[in-house]
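All remarks here apply to the structure that follows.
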Amino acid sequence: MRPTLVLDLDGTLVDTASDLVATLNAVLAGESVPPIAYDEAVAMVGHGARSMLAAALKSAGEPADEARLDRLFAAYLAHYADHLADTSRAFPGVAEALDRFTAEGWTLAVCTNKLEGLSKSLLSALGLADRFAVIAGQDTFAARKPDPLHLLETVRAAGGSRERAVMVGDSIVDIETARAAGIPVVGVDFGYSAIPVRELGPDAVVSGYDALFDAATALLAARRTG
């Protein structure tokens, strides 16, 4: 069976922070809520837009009842859909690394807490979508990260198996998901985690995509011999 590489999206594959934060603050401005500082807002990325909105409102001392979150979430999605690739770009070396994995017989997939449709639109805009067998968002299956079912179903949909899969992510959400799924995980140290990714306990850490292939293949080899 072909090995499967499953990657998170925001902060792992694509540097989306500028567009995410701009959308967040545009929605808050419509509520007369002061903007959230960039660094604070970036630390809110990982659980999806609705959770980011709730965290931003809490930080501003604003009520975050379900009705308000429903309304702001709809506004967020509408704004972001029109601006998701204004400044977002793949991290350096992504395309080359993905091509190497494909050439070496790996199947590629995305497991993200961004909505599936927005994920596909963003990756299409950046010319990356066709590289992935599956692009699974928070609404693709009956679960979302950190529920391990999200990752396990992504691997299954890609035609892979847990025993032959490796996860790549930038946050505690990704690491907890992989741990619960029983899948080794590579942390990237250039993402959006408020805590240095090395301190979160991934199985390996890389500082660039040029190191990812060796890290992932080493984890897979260790699993076969472990």
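Since the structure is predicted, the reported quantities are computational estimates derived from the model, not experimental observations.
The CG atom of L122 sits 6.0 Å away from atom OG of S88, with the distance rounded to the nearest 0.5 Å. For the atom pair CD1 (I183) and CG (L151), the distance works out to 4.0 Å, reported to the nearest 0.5 Å. Interatomic distance, I36 CD1 to S59 OG, rounded to the nearest 0.5 Å: 4.5 Å.
The aromatic rings of F190 and F91 sit tilted, their planes meeting at an angle between 30° and 60°.
When side chains are defined from C-beta on, V110 counts as touching L13, because their heavy atoms get closer than 4.5 Å. By the 4.5 Å heavy-atom criterion applied to side chains, Q138 and L115 are counted as neighbours. Side chains of L123 and L9 form a contact here, defined as non-hydrogen atoms less than 4.5 Å apart. You'll find the side chain of F141 reaches within 4.5 Å of the side chain of T154, heavy atoms only. Side-chain atoms of N113 and H150, non-hydrogen and from C-beta on, do get closer than 4.5 Å to each other. Side-chain contact between L57 and L28: present, with at least one pair of heavy atoms (C-beta onward) separated by less than 4.5 Å. Counting heavy atoms from C-beta on, the side chains of T102 and R131 never come closer than 4.5 Å. M52 places a side-chain heavy atom less than 4.5 Å from the side chain of L24.
Among the candidates V6, D203, L220, the single residue satisfying the side chain to side chain contact (heavy atoms under 4.5 Å, CB included) test with V166 is L220.
In terms of hydrophobic clustering, with Ile, Leu, Val, Met, Phe, Trp and Tyr side chains grouped at heavy-atom distances under 4.5 Å, V197 and V94 are assigned to different clusters. A continuous path of ILVMFWY side-chain contacts below 4.5 Å connects F132 to L5, so both sit in one hydrophobic cluster.
The neighbour count for D65 CG, taken as heavy atoms of other residues, nucleotides or ligands under 6.0 Å away, is above 12.
At a threshold of 4.0 Å, the pair E176-R179 does not count as salt-bridged, since none of the basic side-chain nitrogens sits closer than that to a carboxylate oxygen.
With no hydrogens or angles considered, a side-chain donor-acceptor pair links T12 and D170 at under 3.5 Å.
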Should K120 and E116 be marked as a salt bridge (Lys or Arg N to Asp or Glu O under 4.0 Å) after you check the CA-CA gap, both sets of side-chain angles, and the distance that decides it?
CA-CA 6 Å; K120 290 180 174 178; E116 180 184 321; 2.7 Å; yes
Between K114 and D10, does a side-chain contact (heavy atoms from CB on, under 4.5 Å) hold up when you go through it step by step?
CA-CA 8 Å; K114 190 189 292 292; D10 297 303; 3.1 Å; yes
Before you tell me yes or no, could you show the steps for Y192 and D15 under side-chain hydrogen bond (donor to acceptor under 3.5 Å, both in side chains), namely the whole-Å CA-CA distance, both residues' side-chain angles and the distance that decides it to 0.1 Å?
CA-CA 9 Å; Y192 303 152; D15 187 0; 2.7 Å; yes
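A donor-acceptor pair is defined here as one N or O able to donate and one able to accept, closer than 3.5 Å; such a pair exists between the side chain of R68 and the backbone of P63.
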